[in-house]
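Following: one structure in structure tokens, then a few remarks.
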Amino acid sequence: MSQPTLKDRINDALKTAMRAKEKERVAVLRLVMSEFKRIEVDERIEVDDARALGLLDKMVKQRRDSEQQYRNANRPELAEQEAYEIAEIQVYLPTQLTTAELDAIVTKALADAAVTEARDMGKAMALIKPQVQGRADMGEVSKLLKAKLSN
């Protein structure tokens, strides 16, 4: 039997959480499933694992931004809710890359794409993105890439 897709795993977790009456978890997983459904309806495609990872990554990033804004606005209860959602979504993301692993990927991509100037950054980013999708914040990857190119 083939391995279940990320979408199937999340759907199964949703059913389990519903049976266990875990309201908060059900709410987060329903948000994720509704985002998958929205993409499927809007774009008339089946969400595959690569697209699902991208969507989950985006959802985590949005929640990190919201959490920071709530903390700045002195709304700890709302920030905690965002943090909870981040933790629930990250369960389905691959293990985050360490700084050393990320550095190695960026260095190799710069060498492989023969990029030496910031204007050619897109060539390196095209090599990096598939390797780090869902495993690193793309904003951090971009900063690291710019730093390496400015040296």
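The residues of the chain are indexed from 1 along the displayed sequence.
For R63 (side chain) and M59 (main-chain N/O), a donor-acceptor pair under 3.5 Å exists by modelled atom type. No donor-acceptor pair under 3.5 Å is formed between the side chain of S142 and the backbone N or O of M138. Between the side chain of Q131 and the main chain of L127, a donor-acceptor pair closer than 3.5 Å is present.
The side chain to side chain contact (heavy atoms under 4.5 Å, CB included) check on R75 picks up Y70, A73, E77, L78, with sequence neighbours excluded.
Using a cutoff of 4.0 Å between basic side-chain nitrogens and carboxylate oxygens, E140 and K143 are scored as salt-bridged.
Inter-residue side-chain proximity for E35 and L31 is flagged as unmet; no heavy-atom pair is nearer than 4.5 Å. Within the 4.5 Å cutoff, no side-chain heavy atoms of M18 are placed close to those of R25. Residues L110 and L149 meet the side-chain proximity criterion, which asks for heavy atoms closer than 4.5 Å. The side-chain heavy atoms of L53 and Y92, taken from C-beta on, include no pair separated by under 4.5 Å. The shortest side-chain heavy-atom distance between K7 and N11 does not fall under the 4.5 Å cut-off.
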Pairs of donor and acceptor atoms involving the side chains of residues 93-105, under 3.5 Å and at least two apart or interchain, shall be tabulated with distances.
from: Q96; atom 1: NE2; to: G134; atom 2: O; distance (Å): 3.1
from: T98; atom 1: OG1; to: E101; atom 2: N; distance (Å): 3.1
from: T98; atom 1: OG1; to: E101; atom 2: OE1; distance (Å): 3.3
from: E101; atom 1: OE1; to: T98; atom 2: N; distance (Å): 2.8
from: D103; atom 1: OD1; to: K148; atom 2: NZ; distance (Å): 3.0

Counting only pairs under 3.5 Å, give me each side-chain donor-acceptor contact of residues 112-126, with atom names and distances, residues two or more places apart or in other chains.
from: D112; atom 1: OD2; to: K108; atom 2: NZ; distance (Å): 2.7
from: E117; atom 1: OE1; to: R119; atom 2: NE; distance (Å): 2.7
from: E117; atom 1: OE1; to: R119; atom 2: NH2; distance (Å): 3.2

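In this structure, CZ in R30 is found 10.0 Å from OG in S34, a value given to the nearest 0.5 Å. Interatomic distance, R71 CZ to Q69 CD, rounded to the nearest 0.5 Å: 13.0 Å. Residue E24 holds its CD atom at 11.5 Å from CG of L29, rounded to the nearest 0.5 Å. Between atom CG of residue D137 and atom CG of residue L144 there is a gap of 11.5 Å, rounded to the nearest 0.5 Å. Here CZ of F36 is found 4.5 Å from CG of L56. Values are rounded to the nearest 0.5 Å. Atoms NZ and NZ, from K61 and K58 in turn, are 10.5 Å apart once rounded to the nearest 0.5 Å.
When all heavy atoms are compared, the tightest approach of E67 to A83 is OE2-CB, 3.5 Å. A pairwise comparison of heavy atoms in L6 and A52 identifies CD2-CB, 3.8 Å as the closest pair.
For the residue pair Q68/N72, the side-chain donor-acceptor check at 3.5 Å is satisfied.
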**Message:** Please evaluate residues E40 and R44 with respect to the criterion salt bridge (charged side-chain N to carboxylate O under 4.0 Å, His left out), reporting the C-alpha separation (whole Å), side-chain torsions for both, the decisive distance (0.1 Å), and the verdict.
**Reply:** CA-CA 5 Å; E40 289 177 344; R44 292 186 175 90; over 6 Å; no
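Under the 4.5 Å side-chain heavy-atom criterion for ILVMFWY residues, no single connected hydrophobic cluster contains both V41 and L55.
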